[in-house]
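Lettering of chains follows the sequences in order, A, B, ..., and the numbering in each one begins at 1.
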Amino acid sequence: MAEFIMPALGADMEAGTLIAWLKKPGDMVKRGEIIAEIDTDKGIIEVECFTSGTIEKLLIEPGDKVPVGTAMAIIREAGEKTPEAPGTSEQSPPTRPQRIKISPLARKMAEDLNVDITTITGTGPGGRITSDDIEHLARSIEKTPEQSRADKSSRMRQAIAAAMERSKREIPHYYLSTTIDMTRAINWLAQENLKRSIEDRLLYGVLLIKAVALALRQFPEFNGYWKDGRSVRAESIHIGTAISLRGGGLIAPALQDADKLSLTDLMSRFRDLVERTRSGSLRSSELTDPTITITSLGDQGVETVFGIIYPPQVAIIGFGKVVERPWVVEGRPGVCKVMTATLSADHRVSDGHRGALYLAAVDALLQAPETL
Amino acid sequence: MNRDEIKTSVLNRLARIAPEIDPSQIDPDADLRRQIDLDSMDYLNLMIALSKQFKIDIPETDYPKLATLNGCVDYLSSIIL
């Protein structure tokens, strides 16, 4: 038997609330299949199963808020026999987390009002939380829908704060920057987009993502994690892309296997990822998979951005705005489109020398956009 | 379809991308991207949506003509009216 546990969807996540099960006991599940929706500080996330088998038992009910690592369901893996009848097994049942006693109406009211039921002492039979308890609390708090949205935004702010505080406390960052001549890439892109329908056109940001991903093949020390006091290189290249949310805050879900995707596929995935990030329908693997992050503030007019590493990752790449500048190419002055690229990296894992070579590799790739 | 209806269509598209905006507060001559904080992806999605709705091609080289609300209305009107 395998336990399906509440996953940690980021370094900053401590607990999540089950919104709905998408499977029931007896259903077959495949590894990677979405089996639950969980409400987190990053919105409602579709959570994938990490093993294949049959749902044996669901341990958590919709509305329950449980800590990361809590067993939520039992899955009978392929090849395992159906368990013996209750009472005949020597195996002790899985530990069920402390359930909060609450009526369905009260649970719905609490969800609507964004009230944390773990903070309420129920006045019903056996300490059960009743709709009166929720009403009483709601009256005392007098939350408006705007305040509820503000609460959600505040929770995301706190989550970001926790991750960034941890990063600055634990990770000895070093920072490098370089100016990249983007003239060739921008001109190539303009010509390439002439051949494409409007839906297939590429944004220059996709060239940046692909260049970052391909350069990581040469410098794998920047693609991975710092775990248990040592550097762990990732086997795949999953680029976390910092996406701002319109209500404030940001999420950096993964473009998985970005180095293997064509520019067309990468653009299509990127569009889809941005749309789902902003509409709140990400999958759990997209939050847990990033092996490095890219942040870009060029659209906001910023020329240089030095990112803060998202732990346990070990590097973040920053891109600024493409601007026209006087520039000397092969001894001849002219006007070029240039962009500042930065690397913030974990000094426990890499040194500035390798970081400089990595940025040079990204630059070199962008000078040959047709090969990306 | 007249200019007012085109303007309404553009505003509806913008509202889908940026639901928090108040259409009445949009300065029709100010840059849309800066005014309502559209990034490259938002802007591309706006172009795709307008292209689909009005069944026209919008070359990338024409994007600067659609930088403002009035620019969008002028551009679309010149093609479909």
>> For a 4.5 angstrom cut-off between non-hydrogen side-chain atoms, does D299(A) reach R33(B)?
In response: yes

> So which part of N45(B) gets closer than 4.5 Å to some heavy atom of chain A, the side chain, the backbone, both or neither?
Replying inline: side chain

> Is R196(A) salt-bridged to E60(B), cutoff N-O under 4.0 Å?
Replying inline: no

> If you tally heavy-atom pairs under 4.5 Å against chain A, which of I58(B), D42(B), I48(B), L38(B) wins?
Replying inline: I48(B)

> How many angstroms lie between CG in D57(B) and OG in S197(A), if you round to the nearest 0.5 Å?
Replying inline: 8.5 Å

> Would the number of heavy atoms belonging to other residues, nucleotides or ligands and lying under 6.0 Å from CZ of R269(A) be above 12?
Replying inline: no

> Do you know which of E275(A), R278(A), E199(A), R201(A) has the most heavy-atom pairs with chain B at a distance under 4.5 angstrom?
Replying inline: R201(A)

>> Can you list everything that forms a salt bridge (Lys or Arg N to Asp or Glu O under 4.0 Å) with E20(B)? Sequence neighbours excluded, please.
In response: R246(A)

>> Given heavy-atom pairs under 4.5 angstrom as the criterion, report whether the side chain, backbone, both or neither of L44(B) touches chain A.
In response: side chain

> Is any side-chain heavy atom of R34(B) less than 4.5 Å from a side-chain heavy atom of Q300(A)?
Replying inline: no

>> Please enumerate all residues that pass salt bridge (Lys or Arg N to Asp or Glu O under 4.0 Å) together with R16(B), with sequence neighbours excluded.
In response: none

>> Between D39(B) and chain A, with a heavy-atom cut-off of 4.5 Å, which part of the residue counts as in contact: side chain, backbone, both or neither?
In response: both

> Between Y204(A) and chain B, which part of the residue has a heavy atom less than 4.5 Å away: side chain, backbone, both or neither?
Replying inline: neither

> Measuring heavy-atom distances to chain A, does S40(B) have an atom under 4.5 Å in its side chain, in its backbone, in both, or in neither?
Replying inline: both

> Is it the backbone or the side chain of I198(A) that comes under 4.5 Å from a heavy atom of chain B, or both, or neither?
Replying inline: both

